[in-house]
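Chain letters run A, B, ... following the sequence lines, proteins first and then strands; every chain starts at 1. Please read all numbers here as calculations on a predicted model, not as lab measurements.
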Amino acid sequence: MSGPGGAIRARTVPPRGAAAAHLAGARWLWLVLACAALVLLRPALPWLSAFPPDWQLPVAAWLNGLTMPVFSWLRPFGRAAALLLDYPLGGIRAGLQSIAWPSLVLIVAALALRASGWRLAAFAVASLTYVVLCGYWRQAMNTLAIVAISVPLSVAVGFALGAMAHRWRRLVRPLEAVLDLMQTLPAFAYLIPLLILFGFGPSAGLVASLLFSAPPMVRNTMLGLRLVPADILESGVMAGCTPRQTFWLVEVPSAMPRLLLGINQTCMAALSMVIIVAIIGGFDDMGWEVLSAMRRAELGRSLLSGSVIVVIAILLDRITLGLATIGRRRAPRLGRRGLARAVAAALVLAVALRILGPAADLLPDASGRNILEGLDRALLAFVGATDAQFNLLRGAITYGVMLPLRIGIEGAATPAVWGVTLTPAGLALYAGAVGMIALLLWRHSRAGAAAALLAGLLLYTGLPGFPWIGFVLIVAMLAHAGAGPRLALVAAAVVAGILVSGLWLPFMQSVYLCAIAVAGCLAIGGGLGVWAAQSDRVSQVLRPVCDALQTMPQFVFLIPALMLFRVGEFTALIAIMLYAIVPPIRYVEQGLRGVPADKIEAARQMGTTPAQLLWQVRVPLAWPAILLGMNQTIMAALSMLVIAALVGTRDLGQQVYVALGKADPGLGLLAGLAIAAVAMVSDRILRGFADRRRGGATA
Amino acid sequence: MNDPIVTRPVKLSCRQVWKVYGPRPGYYFDTRGYQIEPETLARRLVAEGHIPAVVNANFDIHAGEIFVIMGLSGSGKSTLVRCLSRLVEPSHGQVVLDGADLLAASPAELIEIRRHKMGMVFQGFGLLPHLNVLDNIAFPLKIQGRPAEARESRAREVIRLVGLEGREAAFPHELSGGQQQRVGIARSLAVEPGIWFLDEPFSALDPLIRRQMQDEFLRLQDQLQKTIVFITHDIMEACRIADRIALMCDGRIIQIGTPAEILLAPADAYVADFTEDVAMGRVIRAGDLVGDPAGARPEALPADAPEVAADALLDGLIPAVAAGQRRFRVRGSDRRPGGVLSADRILDVLRHGQQ
Ligand SMILES: Nc1ncnc2c1ncn2[C@@H]1O[C@H](COP(=O)(O)OP(=O)(O)O)[C@@H](O)[C@H]1O
Ligand SMILES: [Mg+2]
């Protein structure tokens, strides 16, 4: 008996005999045949392509009917809580505003020095001075105030929940399900209920930020406590610790690095959320600044405020991360006492400044605006000059890739769109090409050939025009192949639920947008990852770029996309891709670099060419990591949908946004739940494939 | 055999102890104890998807004894020693410490027992990463709520005992493996435990360091005279330090005896296999072989027959045998009897090993 690991692996790896592979291949071909038949039958049976409206159910209205009474019952409590939250929030805001900025810069620089070293301290001073010069100090402090109050709350709640789940193991599974939901459900979807409960204002944003940023703390707490080595735990018990002593004196300190990492992630999530939430709150902070600039198409202002957010995010990230790892490095540059002294000096300075000039806030007033206007002009000139090129790019991708997927070749090949009509000969040519590709793939894998045929069909009809029964079949088969019959049922139920609740068209729009974005990210990011795996220099250049991209709040990605391509679906696509491109780069590089050296040596010894080494040794061995990267890409793209909807899409994200405008919690929740369900199902499917691949590789 | 160790009072006694992992271990043991034969029950447990990690363990450990539990990895050693301290709750059986049933102790009593009577050393050291050497060692005292000065002076005492002076302010990750285990040993000794458990304390160390730590362990034991349960998977280590060895396989104790008994009279082929590569001359001592087959009594020895200590290793007698000595007068010790030892017997053992 090889222990529990062996047992689990044995259970998840299905028999992979030749017969089973053959059977699986045949199953895929049946799927292709069924879908082709459905496509051909469409003219005869119109309900195949468009789900009949009278089969739909008013699910959103039901949800409203169900939740509204609960909300109105809870509302007084919510309003009271909002009032209570307003006091500390107001206090912190006033406090931060009343400290003159040089004092605060001093404090942050001291923290940075302790967290990491002189370089970070210099970066802190430079970036905060930049914030002041841009004229965004006040707004930045207001944003920071909400972060400052929501992070301790999230950390406390997250730690308590994580510790409870650690103590009572039975809670782990339900808690994890809730966490999955909270992290995949777009925040906008629960903003409406929060607005109803807490009223318009910063408190609703605070609670939203709490809901969004507590999950990482819960997860890290559970993980940290679970990973405390048995030896350490037992040594505590043998020293005669009571259960409470064991927890506080042994487990928590041993898990501290993980807990601190959780705090770092909570900070970043809170910042990201605070900025998103400003869209509804609309009080004087950074998120509001970016949003109103974007709405008025003031390019310079949106770029400048966006850069301020990025700078704050990076600073917050590096400082909390540095403080989290302080125990594992050599003695920090600034001891605890030094830090206390610096803070005291800064506070004395602040008080002195207050007394000397009670009214002065020392902020430059005109300079920021001047920079802005100059920047605006320069950007407008740039955009005007490059408009033709970017338009060309946009046109090429819109007409070449996006439209065919949206309305299909049958819809695009018209005089109005492509300027040509689809002749029977052209259709035959297309079918022949698809068939050829499928035949070529057939030798490698039957599933691959089937996938090519399906892609050909999908491209012909366009995603929304594809028979919905066929789509349900495809999803169910994929889920079955990835994670078994249970997930197949769940996946089919999710798709059916979306159909019945009348969200089919927006859903297909989402699928189509995400599919293009993910494919693009995988192609570009995967390529970069391969390159970075081969070359240390490329890897060194890409790493800080990836780091920066990952610390940026999602919102910021809209700015450059909007600047270059204006409102529209293509702009949304660019924003989604910018946000989702990091995982393929990271995972592909890590996966390829992680291939054991002895395997590579063995292959070299056999005389492989570099290309063979890459495609036949490294990529197959790195496949689980690559699949996980793909998974992360899909999650990122889905989570960006709602935010990208701000620049104009027709998908589920837009539904959430519309619901927000109409204060229709049912519709918002429904569309949000649809996105979350899609995210969770695709996550399970891809994880299933990755796990099986890993199991299969070692079995 | 007249072994003085087993005449000492019993410190810890283990009676019919079972530990079963699996879906419902409680089902197999009712309050009246099992009625069927242990081996049958163990086989049925395996057949029904359970893991019998400890099967019917019975032994007494005497005061001042070094009792070594030895076996391959996965044979249930760690589980057994944890049953003795109730870190693992036995599925069945009795553990009697100082005459009191340990399994009947309430949680509060158990905490008291652990605070004052038991010390334990772990294979992975089990040091708290956020405390320095001094605080790690003083941790059990802090748990008991002793005042700070008393804690510190006692901690410094044991630090001196294990030779870690000067490293008081270091953190565990700044120490080598050997030094970390010294901290582990010092911490377990800080409360002056009556019984000392060591679960593979030296297995994570390099062979040279391991050897050195064994020597120091024996020196410490000479000084402290603790009752010790020592776990190892290394037969040489077991033979070097044990008063008695319990050999485990698949949760069962298959033989208990002194190193000499295990080496000279293995209970079965498995034990014989296990001990095959051990160098007899470095484990067996003169006193283990007294009782000459020819029946000569000490008085009948020639006057010039050399006298050796009962604790002398056979390897040390080889030069004398080579020089032609036929008989030795063995002077008894508190661990081994005296008597007469013939050179033939020595050569026999060195040549054939097991009989
Ligand atoms: N918590 C547990 N759950 C299930 N099986 C366990 C558990 N702990 C130990 N075992 C099993 O009990 C057996 C003995 O383990 P252990 O006492 O750790 O062996 P050793 O210390 O001799 O290497 C092993 O087969 C192990 O897999
Ligand atoms: Mg063990």
Report which part of [X] has an atom under 4.5 Å of a heavy atom belonging to chain B: side chain, backbone, both, or neither.
X: A:P229; value: neither
X: A:Q245; value: side chain
X: A:L249; value: both

Applying a strict 4.5 Å limit to non-hydrogen atoms, the region of B:R86 in contact with chain A is neither

For A:D231, does the CG atom have more than 12 heavy-atom neighbours from other residues, nucleotides or ligands under 6.0 Å away?
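Yes.
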
ask   = Which atoms form the tightest heavy-atom contact between A:G240 and B:R114, and what is the distance?
value =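 Shortest heavy-atom contact: CA-CB, 4.1 Å.
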
Rounded distance (nearest 0.5 Å) linking atom [atom1] of [X] with atom [atom2] of [Y]:
X: B:Q144; Y: A:C241; atom1: CD; atom2: SG; answer: 10.5 Å
X: B:D199; Y: A:M238; atom1: CG; atom2: CE; answer: 11.0 Å
X: A:T246; Y: B:I143; atom1: OG1; atom2: CD1; answer: 7.5 Å

Among B:P107, B:G74, B:G184, B:P140, the residue with the most heavy-atom pairs under 4.5 Å to chain A is B:P140

Inset, instruction - Name, in order of residue number, those residues of residues 116-137 of chain B that have a heavy atom at a distance of less than 4.5 Å from a heavy atom in chain A; otherwise write 'none'. - result: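 Listed by number, the contacting residues are B:M118, B:M120, B:F122, B:Q123, B:G124, B:F125, B:G126, B:L127, B:L128, B:P129, B:H130.
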
